[in-house]
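Have a look at the structure below before the remarks.
Quick caveat: nothing in here was measured; it's all calculated off a predicted structure. Throughout, residue positions are numbered sequentially from 1 according to the sequence presented.
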Amino acid sequence: TERAAASTLSTQFTRERDGSLGDLRGTALVILFCFPMTSTAQAVERPRLVEELLTGERVTLQDEKELEASFGFDDRSLAGLQTLTLTLRLEYGISERLQVEVEAPWTRLKSIDSNQAGLGDLEIGALFGIVTSLEPWALSAGVRVHIPSGSRSENPGGDDWAAEPTLLTAMTLGVGQVQASASWSTEPSAPRWSFDAALIEPWRAWRGVLEIQASEKGSSTLTPGVIWHVPALEVGIGCPLGLSHDAPSGVIVKVTKEFQ
């Protein structure tokens with residue numbers, strides 16, 4: 001009888017232990033299954049990034065059949081030469097991975113003894129998204145074609161056609177983001193390569209931006225700025241600061257609007 005009772009208690013203990021282990025395994029499986037979902041949900045809830053950078057090009061693409069228009073005001077001066085550029089830029093999403101873009105600048109060059117104004121070089125380009133997810137990084141490649149406007153007129157544009165392939169990348173950093181791009185130009189009078197990097201930090205409806213530009217010829221510019229974001233509209237302002245002797249300083253204002 002004692003043996004039977006002991007056997008019964010042992011069997012009951014084993015079942016309870018197995019049941020507890022089964023509950024622990026089930027709890028562990030639930031945790032392992034739900035943790036990635038929680039992480040993904042947190043990633044989706046990240047603050048919206050900027051639509052356009054102040055000086056560089058954004059790595060992410062427009063959504064399919066989405067049109068974006070941006071107007072830029074860029075006023076800089078260096079050693080008595082003032083350069084004012086007004087730019088209209090249009091981007092259109094052909095698909096989730098391909099967008100086309102066109103940029104038309106109007107430029108005025110003013111110095112002590114001359115004043116030249118007119119249409120600058122037109123730019124037509126395309127951008128292809130290689131890695132479109134921003135978790136944790138993105139990668140895009142594009143090319144722009146510069147169409148000269150100065151060869152047959154007094155416009156302050158160039159005289160040569162040029163192509164400019166570009167590689168862009170971005171990486172999530174906390175709630176912010178780091179973006180970088182490198183490009184190479186075939187235009188004889190322009191630097192062969194140039195590099196841009198930007199740090200973006202969100203705070204409510206504001207985005208703090210710090211951008212740096214550098215080129216083969218040693219010219220470099222640091223641009224701190226802020227971008228105010230509201231639905232379908234962005235307003236940004238920055239102050240380019242020349243870090244080298246041949247880099248001008250001034251002010252940039254950019255307004256961007258999307259059309260679904």
Side-chain angles (χ1 to χ4, degrees), residues 43-76 84-106 120 123-127 129 132-135 137-138 140 142 144 166 168-181 183 196-213 221-241 249-260:
V44 172
E45 294 174 358
R46 289 183 182 276
R48 187 176 182 180
L49 299 175
V50 297
E51 297 297 339
E52 290 291 336
L53 294 171
L54 294 172
T55 59
E57 186 173 359
R58 183 200 58 202
V59 65
T60 54
L61 282 68
Q62 297 298 322
D63 294 334
E64 185 176 358
K65 297 182 180 179
E66 182 180 66
L67 175 66
E68 179 185 278
S70 62
F71 173 76
F73 171 91
D74 192 330
D75 188 8
R76 309 190 197 190
L84 172 64
T85 304
L86 305 178
T87 304
L88 176 63
R89 180 181 177 88
L90 300 175
E91 298 178 356
Y92 182 75
I94 301 296
S95 67
E96 295 296 330
R97 288 185 177 270
L98 179 64
Q99 80 172 27
V100 292
E101 51 198 39
V102 59
E103 183 175 303
W106 181 89
E123 291 186 8
I124 299 176
L127 188 63
T132 57
S133 173
L134 286 171
E135 298 296 335
W137 71 296
S140 299
R144 289 192 296 266
T166 306
L168 308 95
T169 186
M171 182 179 65
T172 299
L173 185 64
V175 295
Q177 192 180 87
V178 175
Q179 296 197 19
S181 65
S183 59
D196 298 89
L199 174 63
I200 308 168
E201 282 293 330
W203 183 74
R204 297 184 179 178
W206 301 87
R207 307 290 186 263
V209 180
L210 184 63
E211 301 183 43
I212 187 169
Q213 293 179 305
T221 303
L222 181 69
T223 305
V226 63
I227 296 175
W228 179 50
H229 179 81
V230 295
L233 183 67
E234 276 188 353
V235 179
I237 183 170
C239 297
L241 305 173
S249 301
V251 63
I252 292 177
V253 178
K254 183 173 286 188
V255 179
T256 303
K257 182 174 178 58
E258 289 184 338
F259 302 90
Q260 300 291 341

How many angstroms lie between CZ in Arg207 and CH2 in Trp228, if you round to the nearest 0.5 Å?
-> 12.0 Å
Which atom of Leu54 lies closest to which atom of Gly225, heavy atoms considered | CD1-CA, 3.9 Å
Search all heavy atoms of Ala126 against all heavy atoms of Glu101 and return the closest pair with its distance.
-> N-CG, 4.3 Å
Run the numbers on Leu210 and Leu222 for side chain to side chain contact (heavy atoms under 4.5 Å, CB included), then give the verdict.
-> CA-CA 7 Å; Leu210 184 63; Leu222 181 69; 3.7 Å; yes
Looking only at heavy atoms, what is the nearest atom pair of Pro202 and Gly176, with distance?
-> CD-CA, 3.8 Å
Partners passing side-chain hydrogen bond (donor to acceptor under 3.5 Å, both in side chains) against Asp63 (at least two apart in sequence or in another chain) = none
Would you mind telling me which of Val50, Thr256, Leu53 makes a side chain to side chain contact (heavy atoms under 4.5 Å, CB included) with Ile227?
-> Val50
Which pair of heavy atoms, one from Leu127 and one from Val59, lies closest together, and at what distance?
-> CD2-O, 4.1 Å
Presence of salt bridge, Glu57 and Arg89, under 4.0 angstrom = yes
How long is the gap from OG on Ser140 to CG on Leu168, to the nearest 0.5 Å?
-> 6.0 Å
CZ/Arg97 to OG1/Thr132 distance, rounded to the nearest 0.5 angstrom?
-> 4.5 Å
List for me each residue that meets salt bridge (Lys or Arg N to Asp or Glu O under 4.0 Å) alongside Glu211, sequence neighbours excluded, and say none if there are none.
-> none
Gap between atom CZ of Phe73 and atom CG of Leu86 - 0.5 Å precision | 7.0 Å
Partners meeting side-chain contact (heavy atoms from CB on, under 4.5 Å) with Leu241 (sequence neighbours left out) = Pro224
Taking all non-hydrogen atoms of both residues into account, name the closest pair between Leu61 and Glu96 and its distance.
-> CD2-O, 4.2 Å
Set of residues satisfying side-chain contact (heavy atoms from CB on, under 4.5 Å) with respect to Glu123, sequence neighbours excluded | Glu103, Arg144, His146
For Glu234, side-chain hydrogen bond (donor to acceptor under 3.5 Å, both in side chains) partners two or more places apart = His229
side-chain contact (heavy atoms from CB on, under 4.5 Å) against Trp203, all qualifying residues, sequence neighbours excluded | Trp206
With side chain to side chain contact (heavy atoms under 4.5 Å, CB included) as the test, would you mind laying out the steps for Leu233 and Val255 before giving the verdict?
-> CA-CA 7 Å; Leu233 183 67; Val255 179; 3.9 Å; yes
Within the side chain of Thr221, is there an N or O that forms a donor-acceptor pair under 3.5 Å with the backbone of Gln213?
-> no
Got a donor-acceptor contact below 3.5 angstrom from the Glu66 side chain to the Glu258 backbone?
-> no
List for me each residue that meets salt bridge (Lys or Arg N to Asp or Glu O under 4.0 Å) alongside Asp74, sequence neighbours excluded, and say none if there are none.
-> Arg76
Heavy-atom pair of closest approach, residues Ser181 and Thr166 | CB-CG2, 4.3 Å
Enter the distance from Gln99:CD to Gln62:CD here, rounded to the nearest 0.5 Å.
-> 5.5 Å
Residues two or more places apart in sequence or in another chain: which of them pass side-chain contact (heavy atoms from CB on, under 4.5 Å) with Ala69?
-> Leu90, Phe259
With sequence neighbours excluded, what pairs up with Thr60 under the side-chain hydrogen bond (donor to acceptor under 3.5 Å, both in side chains) test?
-> Arg58
Test side chain to side chain contact (heavy atoms under 4.5 Å, CB included) applied to Lys65 and Tyr92, step by step = CA-CA 7 Å; Lys65 297 182 180 179; Tyr92 182 75; 3.8 Å; yes
